[in-house]
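Hydrogens, waters and symmetry mates play no part in the numbers below; they use all other heavy atoms, side chains included. This chain uses plain numbering: 1 for the first residue, then up along the sequence.
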Amino acid sequence: MSEEEVKEEKKSGGGKGLIIVLLVVVILLLVGIGVMAFLLLSGDKHADEKGADTEVHASAEHGDGNGDGHGEEGHDSGHAKEYSPKYKQFEPPAPEAPPTYFTMDKFVVNFYGDGQAKFLAVDLKFLSYYPQIVGEEGEMEHLRPILKNDIERLLRNQHYNELDKPDGPDKLRAEILEVTRKVLEKHNIYPDLLEDVYMTRFVMQ
């Protein structure tokens with residue numbers, strides 16, 4: 001065999017080896033791409049399943065909007081309040097429930113008239129969405145003597161010059177509400193179940 005034939009054979013063998021190497025590299029790339037695509041698709045599917053589970057659990061935690069008897073649950077809980085179990089628990093009002101009022105006896109007391117008046121006369125109505133608090137047989141009815149005593153003491157300590165200011169009656173309302181809520185709390189009733197108090201009469205003379 002001549003020298004040229006030997007060179008030609010070597011050249012031909014080298015070309016075949018290069019083709020084989022290239023084929024192996026291409027196959028490995030295709031396999032790698034296939035494995036990567038499989039992993040990505042599997043990951044997306046797992047994430048979707050996890051998201052679905054999370055959504056189901058979240059819905060269960062928030063309930064179906066009916067509540068469990070003493071809390072602001074769901075998106076339509078109305079005036080129901082959630083509060084500590086150390087207080088008396090009451091059936092929450094329906095979302096569409098109207099307010100209920102508790103009327104105190106008329107108050108007419110001597111107060112610090114500052115030379116301008118001798119008597120302060122006030123009529124009060126307390127508002128709550130819990131009839132168990134302000135209804136005819138509610139908690140405040142049982143506490144009426146205590147409420148009357150504490151509110152009268154507050155009224156006697158008022159000053160004409162303070163009440164005669166533009167915000168005087170509103171400050172008195174806030175003080176009356178605070179005193180009343182303290183009485184409720186002392187008797188194991190959550191004070192914020194009492195929403196507000198209104199003065200249907202306010203006279204200094």
Side-chain angles (χ1 to χ4, degrees), residues 49-109 111 120-158 162-163 167-203:
E49 290 176 354
K50 185 176 180 182
D53 290 343
T54 303
E55 185 175 349
V56 169
H57 290 314
S59 298
E61 287 170 1
H62 285 87
D64 57 6
N66 293 328
D68 66 352
H70 62 89
E72 292 185 24
E73 298 191 2
H75 297 289
D76 193 21
S77 57
H79 298 280
K81 294 185 183 293
E82 183 178 349
Y83 54 94
S84 170
K86 73 178 183 178
Y87 296 109
K88 291 182 182 179
Q89 300 294 309
F90 301 102
E91 186 70 21
E96 69 281 1
T100 307
Y101 296 91
F102 176 79
T103 303
M104 286 294 297
D105 299 331
K106 298 178 185 298
F107 290 97
V108 179
V109 300
F111 76 125
L120 172 63
V122 177
D123 293 354
L124 301 175
K125 282 184 178 291
F126 292 91
L127 180 153
S128 177
Y129 288 90
Y130 282 75
Q132 304 97 321
I133 305 297
V134 294
E136 291 183 4
E137 298 298 326
E139 299 288 339
M140 287 183 69
E141 183 62 44
H142 304 312
L143 299 172
R144 186 184 286 274
I146 302 173
L147 293 170
K148 184 175 176 60
N149 177 77
D150 289 6
I151 294 172
E152 276 190 351
R153 182 170 59 239
L154 173 67
L155 294 177
R156 288 195 200 98
N157 287 324
Q158 298 302 308
E162 292 298 321
L163 294 178
D167 62 346
D170 288 331
K171 286 184 177 179
L172 178 59
R173 278 182 55 216
E175 291 175 5
I176 292 171
L177 184 61
E178 182 181 0
V179 164
T180 306
R181 283 176 169 170
K182 284 181 179 178
V183 172
L184 294 180
E185 189 165 21
K186 284 179 184 177
H187 290 82
N188 203 31
I189 300 165
Y190 184 56
D192 286 354
L193 296 183
L194 189 65
E195 299 274 350
D196 210 340
V197 61
Y198 300 98
M199 293 190 293
T200 56
R201 181 176 69 145
F202 175 78
V203 178

How many angstroms lie between [atom1] in [X] and [atom2] in [Y], if you round to the nearest 0.5 Å?
X      : Y      : atom1 : atom2 : answer
Asn188 : Tyr87  : CG    : OH    : 8.0 Å
Leu147 : Leu124 : CG    : CG    : 10.5 Å
Leu154 : Leu172 : CG    : CG    : 6.0 Å
Ile146 : Lys186 : CD1   : NZ    : 9.0 Å
Phe102 : Leu194 : CZ    : CG    : 10.0 Å
Tyr198 : Leu177 : OH    : CG    : 9.5 Å

Taking it one step at a time, do Leu184 and Met140 satisfy side chain to side chain contact (heavy atoms under 4.5 Å, CB included)? CA-CA 8 Å; Leu184 294 180; Met140 287 183 69; 3.9 Å; yes
Restricting to side chain to side chain contact (heavy atoms under 4.5 Å, CB included), what partner residues turn up for [X], sequence neighbours left out?
X      : result
Lys171 : Asp167
Ala174 : none
Thr200 : Asp123, Lys125

I want to check something: taking the side chain as every heavy atom from C-beta on, are [X] and [Y] in contact at a cut-off of under 4.5 Å?
X      : Y      : result
Met199 : Pro169 : yes
Arg201 : Val108 : yes
Glu175 : Gln158 : yes

Lys182 and Glu178 ion-paired at < 4.0 Å: yes
[X] and [Y]: which non-hydrogen atoms are nearest, and at how many Å?
X      : Y      : answer
Phe126 : Val134 : O-CG1, 4.2 Å
Ser128 : Leu193 : OG-O, 2.6 Å
Ala80  : Pro92  : CB-CB, 3.6 Å
Tyr190 : Lys81  : CE2-CD, 4.3 Å
Lys88  : Glu139 : NZ-OE1, 3.3 Å

Does NZ or CZ of Lys148 lie under 6.0 Å from the centre of the six-membered ring of Phe107, at an angle within 45° of the ring axis? yes
List the residues meeting ring-ring contact (aromatic ring centres under 6.0 Å, His included) with Phe111, not counting sequence neighbours, and say none if there are none. none
By ring-ring contact (aromatic ring centres under 6.0 Å, His included) - contacts of Tyr129 (at least two apart): His79
What residue pairs, at least two apart or across chains, pass salt bridge (Lys or Arg N to Asp or Glu O under 4.0 Å) with a residue in residues 96-105? Asp105-Arg144
Going through the checks in order, is the side chain to side chain contact (heavy atoms under 4.5 Å, CB included) test met by Thr100 and Tyr130? CA-CA 7 Å; Thr100 307; Tyr130 282 75; over 6 Å; no
Glu152 vs Arg156, salt bridge (Lys or Arg N to Asp or Glu O under 4.0 Å): CA-CA, chis, key distance, verdict: CA-CA 6 Å; Glu152 276 190 351; Arg156 288 195 200 98; 3.2 Å; yes
Under 3.5 Å: donor-acceptor pair, side chain of Gln132, backbone of Glu137: no
